[in-house]
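Computed from a predicted model, the values in this text were never measured in an experiment. Any value given below was found using the heavy atoms of this structure, including those in side chains, with hydrogens, waters and symmetry copies removed. Proteins come first, then strands; the chains are lettered A, B, ... in the order of their sequence lines, and each starts at number 1.
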Number of protein chains: 2
Amino acid sequence: MTDTVGTAETVGAAQPAASRPGLRERKKQRTRDALLRAALELFTTQGYERTTVDEIAEAVDVSQRTFFRYFAGKEDAALFLQRLAESHFIAAVRERPSHEAPLEALRRAVLESWDTIGEAIEAVVPIELHMRTYQLIESTPALLAVHLRRSEEIEEEIARLIAEREGLDVDTDPRPRIAVAVFGGVMRVTGRLWGAGEDTSVEAIRELTATYLDHVGPALAEKWGTAPR
Amino acid sequence: MTDTVGTAETVGAAQPAASRPGLRERKKQRTRDALLRAALELFTTQGYERTTVDEIAEAVDVSQRTFFRYFAGKEDAALFLQRLAESHFIAAVRERPSHEAPLEALRRAVLESWDTIGEAIEAVVPIELHMRTYQLIESTPALLAVHLRRSEEIEEEIARLIAEREGLDVDTDPRPRIAVAVFGGVMRVTGRLWGAGEDTSVEAIRELTATYLDHVGPALAEKWGTAPR
DNA sequence: AGGCTAGTGACAGCCACTGACAATTGACAA
DNA sequence: TTGTCAATTGTCAGTGGCTGTCACTAGCCT
C-alpha cells in the first residue's frame, strides 16, 4: 500500500507487458484464488458437508456475501478445478487432426491433455490439493451428482464436435452421441477406479485409461472368453 | 373416519387375505401415496424449484415435518418412481438366462421391463403423471444430477451381476464394468432424446433404445462411412 | 381395559442462498 | 492532486430445505 506500489507490481509480476489487468482486477483474482484454496483445503480436511460457507469466508476474511459473488455456491467452488480441466480437454479434442477416427481422436485428446491440465491447475492451487479434491468429489454424493451432470453436458458438446468433424448431423445419425457416450462411460469408470485406488499419479490414470479403452472391443464381443486378459 | 372403516377397508381393498397390513400400515401407505401424488402434481405443473415442501404438505394436510418422515427430501419424492423402475430393471437382468451374451441380456432386460414397470407404477400414480415426471427430471438440473448419480450406482450393481454371470472378478477384468458403462451410456442418450421428443409412448422409447443399441457397433468402427443409416 | 409405541404436530434452530441498500475503493479525467 | 463514476464489498433481512426435540394422540397387543 505504499506510493510506489504501481511500479513495484509491474516489475514484480511476471506479466510480459502484454496484459496488465490493473490493480482492481488483480485484487479480485487474489480474492478468488484465496477463497478457492481455503474452500478446497477445508473441504478436503473436514469434509464437504461439515464445512460451512461462513467458515470459508472467515478463513479469507471476507463476508459470506462476497463468497457468493465469486462462486455460485459451495458446489461451484468444489468443482472449479474440474471445470478448468474439462475446458482443456475440449480444447484438446478441437485440435485433433480431422483424419483421425473419432474414438482415436478422443483417446489421444485425453491422454495428451492430462499434462497441460496439470500446469494450468498448478498456476492456481497445488496439484496435490487438486488430487485430494478429485477424490473428495468421487466420495461425496452431492458433488458427484453435479459432476456427472456436467459430464453429460460436455458429452453433448463433444458429440456435436465429432459430428461436425465427420460432416454428420447429430440429430439424424446416432453414431456421434453413441461414440461419445461410450467414451464418456469408460472415462467415468476409470476415473472412479483411479480415485478409489492408491496411486494418484498422472501416469496411473493415463495407463488405466489406455488399458480400459483397449478393452472396449472385447467387452462388446458376442462371447467373452473366460480369459480375463 | 367412520367406525366401520376397518371392515370397509378390508372388503374394499383387493388384498387376498394373504397379507393384511393392519390399519396403521394402510394409513401410512395412503399418506405416502398422497404426498407422492401431490408432490409430483405440483412439481410438474409449477416446476420443481417453485414448489415448496410446505405447499406439498399443505395439499395433503399434514405438517411439513411429516413429509420429511416419508421422504428424505424433495428430491427423494421426485425420484421415487425412478427408483421403482430401476429395481424392476435390475430384477429383469437377474432373470435373464445365463447363456445370453452380456449385452444381449441387458438389451432384453430393458426392452422387457418397460412393460412390467408400467403396471407397477400405475398401482401408485397414473402413468401419465410418471411420464411428465420423467421429463421434469430431464429438464431440472438438480434432479438430473441426482438421477445420474443413482444411475452410476446401479451400473456398479449391474456390473457385479454380469461379472458373476460370467464367472469373472470385477476388480480384475475390465470387461464387465466397460460393457455396463457402454450400455448405460446408450440408455442415457436415448432417455434424454425420448424426454425431449414428442412421442412419450412406451413404443417410442423401446424402438429408440433398440435402434441405438444396434448402432453401438458402427459407432465404434475405425472409419465411419458417411452413410448416416 | 390399560400399557406400549409408532406416527404426528408444533416449535426452534442450522445452513445455503438471495435481494436491497449503503459504504468503500480503484479507475480515470480535469 | 482532486473529484466523479462505477465496481466491489459489507450489512441486514429474509426464504426455504432440512433436522432435533418433545409432548400428544391413536393403533396395537396382552
Exercise. Of A:Thr31 and B:Arg24, whose nearest nucleotide on DNA chain D comes first from the 5' end?
Worked result: A:Thr31

For this session: Mind checking ring pair (Phe, Tyr, Trp, His ring centres under 6.0 Å) for A:Tyr212 and listing every partner two or more places apart, or none if nothing turns up?
Result: none

Exercise. A:Gln29 has an atom CD; how far is it from atom C1' of D:dA7, in whole Å?
Worked result: 16 Å

Exercise. Any side-chain N or O of B:Lys28 less than 4.0 Å from the OP1 or OP2 oxygen of C:dG7?
Worked result: yes

Exercise. For D:dG27, does OP1 or OP2 lie under 4.0 Å from any side-chain N or O of B:Lys27?
Worked result: yes

Exercise. Rounded to the Å, how far apart are A:Arg30 CZ and D:dT9 P?
Worked result: 11 Å

For this session: Mark yes when over 12 heavy atoms from residues, nucleotides or ligands other than B:Glu122 sit less than 6.0 Å from its CD; otherwise mark no.
Result: yes

Problem set entry | Main-chain N/O of A:Leu111 paired to A:Arg206 side chain as donor or acceptor, under 3.5 Å | yes

Problem set entry | Distance test, side-chain N/O of B:Tyr70 to OP1/OP2 of C:dT8, below 4.0 Å | yes

For this session: Apply the salt bridge (charged side-chain N to carboxylate O under 4.0 Å, His left out) test between B:Glu155 and each candidate in B:Arg160, B:Arg150, B:Arg188, B:Arg177; give the one that qualifies.
Result: B:Arg188

Exercise. Within this structure, what is the CZ-to-P distance between B:Arg26 and C:dG7, rounded to whole angstrom?
Worked result: 14 Å

For this session: Could you run through nucleotides 13-20 of chain C and give me one letter per nucleotide, 5' to 3': B if any protein heavy atom sits under 4.0 Å from the base, S if only the sugar-phosphate is that close, - if neither?
Result: ---SBBBB

Problem set entry | CD/B:Gln82: more than 12 non-hydrogen atoms of other groups inside 6.0 Å | yes

Problem set entry | Sequence neighbours excluded, every pair satisfying salt bridge (charged side-chain N to carboxylate O under 4.0 Å, His left out) that has a member inside residues 189-205 of chain A | A:Arg192-B:Glu152, A:Arg192-B:Glu156

